[in-house]
K.L.:
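Encoded as C-alpha cells, here's the structure I'll be asking about.
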Amino acid sequence: MVHEWSLAEALLRYVASVYGPRIKTLKLRVGVLQSIDKEVLLFSIRELAGLYNVSLGDVVLEDEEAVFKCNRCGYEWSFNPGDLGEEVRESIHFLPEAVFAYTRCPRCGSRDFKVVKGRGLEVAEVVPG
Amino acid sequence: MVHEWSLAEALLRYVASVYGPRIKTLKLRVGVLQSIDKEVLLFSIRELAGLYNVSLGDVVLEDEEAVFKCNRCGYEWSFNPGDLGEEVRESIHFLPEAVFAYTRCPRCGSRDFKVVKGRGLEVAEVVPG
Amino acid sequence: MAVKKTYVVLSSKGGVGKSTLSSLLAFYAAERGARAGLVDLDFTNPSTHIVLGVDPREVRYVEEKGIFPALVGKLRYVTPAAFTRDSPLPLRGENVSRALFELISILRLDGLDYLFIDTPPGMSDEHMDIVYRLGEVVKPVVVTTPSPLSVSSVRKMISLLRESGLREIFLVENMGGGGLADVFKEPGITYLGYVPFYPGFDNCIGSLENVRRCPLRSFFESIVDKLVSEG
Amino acid sequence: MAVKKTYVVLSSKGGVGKSTLSSLLAFYAAERGARAGLVDLDFTNPSTHIVLGVDPREVRYVEEKGIFPALVGKLRYVTPAAFTRDSPLPLRGENVSRALFELISILRLDGLDYLFIDTPPGMSDEHMDIVYRLGEVVKPVVVTTPSPLSVSSVRKMISLLRESGLREIFLVENMGGGGLADVFKEPGITYLGYVPFYPGFDNCIGSLENVRRCPLRSFFESIVDKLVSEG
Ligand SMILES: Nc1ncnc2c1ncn2[C@@H]1O[C@H](COP(=O)(O)OP(=O)(O)O)[C@@H](O)[C@H]1O
Ligand SMILES: Nc1ncnc2c1ncn2[C@@H]1O[C@H](COP(=O)(O)OP(=O)(O)O)[C@@H](O)[C@H]1O
Ligand SMILES: [Mg+2]
Ligand SMILES: [Mg+2]
Ligand SMILES: [Mg+2]
Ligand SMILES: [Mg+2]
Ligand code: NI
Ligand code: NI
Ligand SMILES: [Zn+2]
Ligand SMILES: [Zn+2]
C-alpha cells in the first residue's frame, strides 16, 4: 500500500510552498478512513524532504477517528474501516469516497451522509524555522 | 413581488416548530442578494403568525450584505443586485442561484465562486417566552 | 405542494428520454383534461422548454403568496431556464440543492392532479434530495433504453430506490420494442410500457403543434393511462 | 500528470456518446502503438468498463509511489468502478470533487502520449474543477448529436469553455452525418469529424473483440488522426 508516497508528496509540496523550506515541527492528523500506513507515510515524507531540500525536524502523526453524520436524520456515528473486508478497505484506501458504496446510516439507512472528520491526511500544525 | 409570503411561511413554521408558539423577539438577517421586500415580508410574518396562532412580539429585520468568494483565485467581493437590470434582479429574487448565470469573479472571470453570505433569509436570534 | 400525485422521472443514464417523456406525459395528460403540471429540476441543463417549443425568455410567472406556474396550452409549467434567460448555469451540487428547495418551497401547485418532475442524469445532489427528503411524496418513474449501458446504470439506481424504502417503482422503456418488460419483471417494479425508436423524433418536439401531431402519441398516452390507473 | 496530451471528453448533454467515444478513441490509439490512457471520471455513473467489456471487480491496480493504471489490451485504464465493486455510488457534488482530486493526485500516468478522460453530463462540480482548475493542462473534446436538445445544450457549454479562456475546442458529431461541420464553423472550434448512427451499435461494445471489429472503427480512427495532427 505504497501510494502513501503520493499523499506525502502532495502534502510536502503544499507545506513547503506555504511555510518555506525550513520546518521545525510538522504535526499531521491521519484520518482512519483511508487506512494510511503511518510507517510508510513517515518514510515517504523523510525521503521526499531530502529530494526537495526541505529541512524537516520533528514529524508527529496522530490518528483521527472517522465520524459520519447523516444528512437525513442527523445521526452521528464513528466509522471503523477495520470492520470491513480487506478488499473494501483497500478500495477506500485509494478512494475514500468509495465508502458511500459500502455504508449507510445505521439509524435510517440513508446514503446521504457527511464525512465530518477522519477522511484523510490533514496538517494540524506547522512550526517553521 | 409577493412570494415573500412563502418565505415567511417556511420561516415561521420552522421557528414555531423549534421554539414553540410564543416568541418574544424574532431577529432576522435579510440577505440583499434576493432583493426581498422587507415591508411585505413583515406584513406576511404578522399575518401568518395570526393564522398559525403564534404569539409574536418584536420582529427585527436587518440587511445582510451579499459577499461572494472565488473558488479559483480566492478573491472576495461584495455583490449589489441594484447594479443589475430589473429583469435579472427579479430572476434572482425568485431563484438566488440564478446569479451564477449573470456574474463572474471580477478578478479571474471564473463562475466557480461561493456565496459567503447574504443569500437569503436567516434567523439571527429568537427570544421565546 | 398539495398535489394529488407527483411523478419524478428519473434515470442515472443520460439521453434515455427523461426530458421528452416528462414533457409529453404531462402535456398529453393536460390535453385530456387533467390538471397537470411539469417542473424541470435539471438546473444545469434544463431542456423541457426545447421539447415544448417555449422561449424561456417569454415565460412570466404570476406572484401571489408564492409563484404560479406559467400556462403552456393547458399545462402548468415551470422551468429554471426562465430565471436564467436561457444562459448557461454551471452550479456545484450544494447550489443545485439550494436551488431545488428554494424552487419547490415557493411554487404554488395546489389543486394539481398530476405533477411531473424532470431530473438530470447521474446520482448526485438532486437525486439524494428527492429520494431521501421527498421520497414520501413522490413516485419514481425510471426510464431506460434497451442499451446495456443504460440497463446496467438504471439497475443501480433502482437498487438505491428500493433500499431507501420506495416500494413502488414505475419503469418506462424508451427507444425499444417491449423487450424490457421481461428483463425487469420483478416484484415492486411496474412496467408502464415502451416507446419505439423513431428516426424522425425531432418532428415530435420543438413546438406544441409538433408535440400534438407526434406519431408516437398513442404510446405516451397509454403510459399516462397505465400510470393513472396503477397509482 | 506528466502526459503529453490530455483530452477531456465533455458534453453537458447526456447520452450523446461521451463514454463510447472516449473509450474507443483511447483504445484505437493504443492499438496503433501510442501510449494511450483512459480515465473515467464519471463517478456516479461510470460506464467505460461496460464499453470495453471489463469486469471492474477483476481490475487490480499496481501500487508504487502512487497507483498505475490497469492494462486492457495495450490501453492504460482507470475506472472508479473498480473501487466500488460496481455497486451504486451516489455522491453529492462536494464528494465528487474530493474524489476527483484524490484520484488524479495518486495516479501515475507518466510517459503517456495521450490521455482521454470521460466525464458525466451536466455542468457541475466535475466540470468546474476541470475547466477552472485543470483548464491549462486539458484539451476539451465536445461531443454532440444533431438533435436540437443536444446542440442547444452544447452551445452553452462551449460558451462557458470560451469565456474561461480555453481557446482551442474540438468538436465531434456523433450519430450524425456531417451536417454539424457547418453549424459549428466558428473560430476556435475545430470540427474533428462525425460518427454515423448505427442501429447495431451494441455489437461495437461489450468486449474487446466487439470493439476491434466495430464497423464504425474507421470513423473513430480518423478522429484520432485529426486530433493527433491538430493538437
Ligand atoms: N422514442 C424516441 N425515438 C427517437 N429519439 C428519441 C426518442 N425519445 C427521445 N429521443 C431523442 O433522444 C435524445 C435524448 O432525449 P432526452 O429527453 O433529452 O433524454 P434525457 O432527458 O434522459 O437526457 C433527444 O435528442 C431526443 O430527441
Ligand atoms: N454512433 C452511434 N450509433 C448508435 N448508437 C450509439 C452511437 N454512439 C453511442 N451510441 C449509444 O448511445 C448511448 C449513449 O452513449 P454513451 O457513450 O453512454 O453516452 P454518454 O456517455 O454521453 O452518456 C449508448 O447506448 C451507446 O451504445
Ligand atoms: Mg433531460
Ligand atoms: Mg454531478
Ligand atoms: Mg457516459
Ligand atoms: Mg449534478
Ligand atoms: Ni497505499
Ligand atoms: Ni417576491
Ligand atoms: Zn440517518
Ligand atoms: Zn477569481
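In the text below, chain A, chain B and the rest are named by the order of the sequence lines, each starting its count at 1.
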K.L.:
Return the CH2 to CD distance between Trp5(A) and Glu63(D), rounded to the nearest 0.5 Å.
P.N.:
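CD of Glu63(D) is found 13.5 Å from CH2 of Trp5(A).
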K.L.:
Surrounding CD of Glu209(D) (heavy atoms of other residues, nucleotides or ligands, distance under 6.0 Å), is the total greater than 12?
P.N.:
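Yes, CD of Glu209(D) has more than 12 neighbouring heavy atoms, counting only those of other groups under 6.0 Å.
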K.L.:
Is it the side chain or the backbone of Arg92(D) that comes within 4.5 Å of chain A heavy atoms, both, or neither?
P.N.:
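Side chain only.
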K.L.:
With under 30° as parallel and over 60° as perpendicular, where do the rings of Phe94(A) and Phe83(D) fit, or are they tilted in between?
P.N.:
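Judged by the thresholds at 30° and 60°, the geometry between Phe94(A) and Phe83(D) is tilted.
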K.L.:
Around atom OH of Tyr14(A), are there more than 12 heavy atoms from other residues, nucleotides or ligands closer than 6.0 Å?
P.N.:
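Open.
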K.L.:
Provide the closest heavy-atom pair for Ser91(A) versus Ala82(D) in the form atom of the first, atom of the second, distance.
P.N.:
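It is OG-O, 4.2 Å.
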K.L.:
Would you indicate whether Arg212(D), at its atom CZ, is surrounded by more than 12 heavy atoms from other residues, nucleotides or ligands within a distance under 6.0 Å?
P.N.:
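Above 12, so yes.
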K.L.:
Atom CD of residue position Glu136(D) - does it have more than 12 heavy atoms of other residues, nucleotides or ligands inside 6.0 Å?
P.N.:
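Not buried by this count: 12 neighbours or fewer within 6.0 Å.
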K.L.:
For Phe43(D), is it the side chain, the backbone, both or neither that has a heavy atom under 4.5 Å from a heavy atom of chain A?
P.N.:
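Only the side chain of Phe43(D) comes within 4.5 Å of chain A.
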K.L.:
With a 4.0 Å cut-off, would you call Glu94(D) and Lys114(A) a salt bridge?
P.N.:
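A salt bridge is present here (some side-chain N lies under 4.0 Å from a carboxylate O).
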K.L.:
What's the separation between atom OG1 in Thr84(D) and atom CD in Glu97(A), rounded to the nearest 0.5 Å?
P.N.:
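Separation between the atoms: 12.5 Å.
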K.L.:
Starting at CZ of Arg119(A), measure out to CG of Asn95(D) and round the result to the nearest 0.5 Å.
P.N.:
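Here the interatomic distance stands at 8.0 Å.
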K.L.:
Where on Glu47(A) is there a heavy atom nearer than 4.5 Å to chain D: the side chain, the backbone, both, or neither?
P.N.:
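Neither; nothing under 4.5 Å.
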K.L.:
Checking Phe220(D) now: which residues fulfil ring-ring contact (aromatic ring centres under 6.0 Å, His included) with it, not counting sequence neighbours?
P.N.:
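With sequence neighbours excluded, Phe220(D) shows a ring-ring contact (aromatic ring centres under 6.0 Å, His included) to no residue whatsoever.
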K.L.:
Spell out, as yes or no, whether a donor-acceptor pair under 3.5 Å connects the side chain of Glu102(D) to the backbone of Leu95(A).
P.N.:
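Here the side-chain-to-backbone pair does not exist.
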K.L.:
When rounded to the nearest 0.5 angstrom, what is the spacing between CD in Glu9(A) and CD1 in Ile106(D)?
P.N.:
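Rounded to the nearest 0.5 Å, the CD-CD1 separation comes to 12.5 Å.
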K.L.:
Go through the atoms of Pro88(D) and report whether side chain, backbone, both or neither lie under 4.5 Å from a heavy atom of chain A.
P.N.:
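It is the backbone, since no side chain atom gets that close.
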K.L.:
Salt bridge check: are Glu87(A) and Arg60(D) linked by an N-O gap of less than 4.0 Å?
P.N.:
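A salt bridge is present here (some side-chain N lies under 4.0 Å from a carboxylate O).
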K.L.:
Who are the disulfide (SG to SG under 2.5 Å) partners of Cys105(A), not counting sequence neighbours?
P.N.:
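Applying disulfide (SG to SG under 2.5 Å) to Cys105(A) gives none.
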K.L.:
For Phe68(D), does the CZ atom sit with more than 12 other heavy atoms under 6.0 Å from it, leaving out its own atoms?
P.N.:
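Yes - once you tally the heavy atoms of other residues, nucleotides and ligands closer than 6.0 Å, there are more than 12.
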K.L.:
Is it the side chain or the backbone of Ile92(A) that comes within 4.5 Å of chain D heavy atoms, both, or neither?
P.N.:
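The answer is neither part of Ile92(A).
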K.L.:
Do you know the tightest heavy-atom contact between Ala101(A) and Ser87(D)?
P.N.:
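Residues Ala101(A) and Ser87(D), closest heavy atoms: CB-OG, 4.2 Å.
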K.L.:
Under 4.5 Å between any side-chain heavy atoms of Tyr102(A) and Arg85(D), yes or no?
P.N.:
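Heavy-atom side-chain distance check passes, below 4.5 Å.
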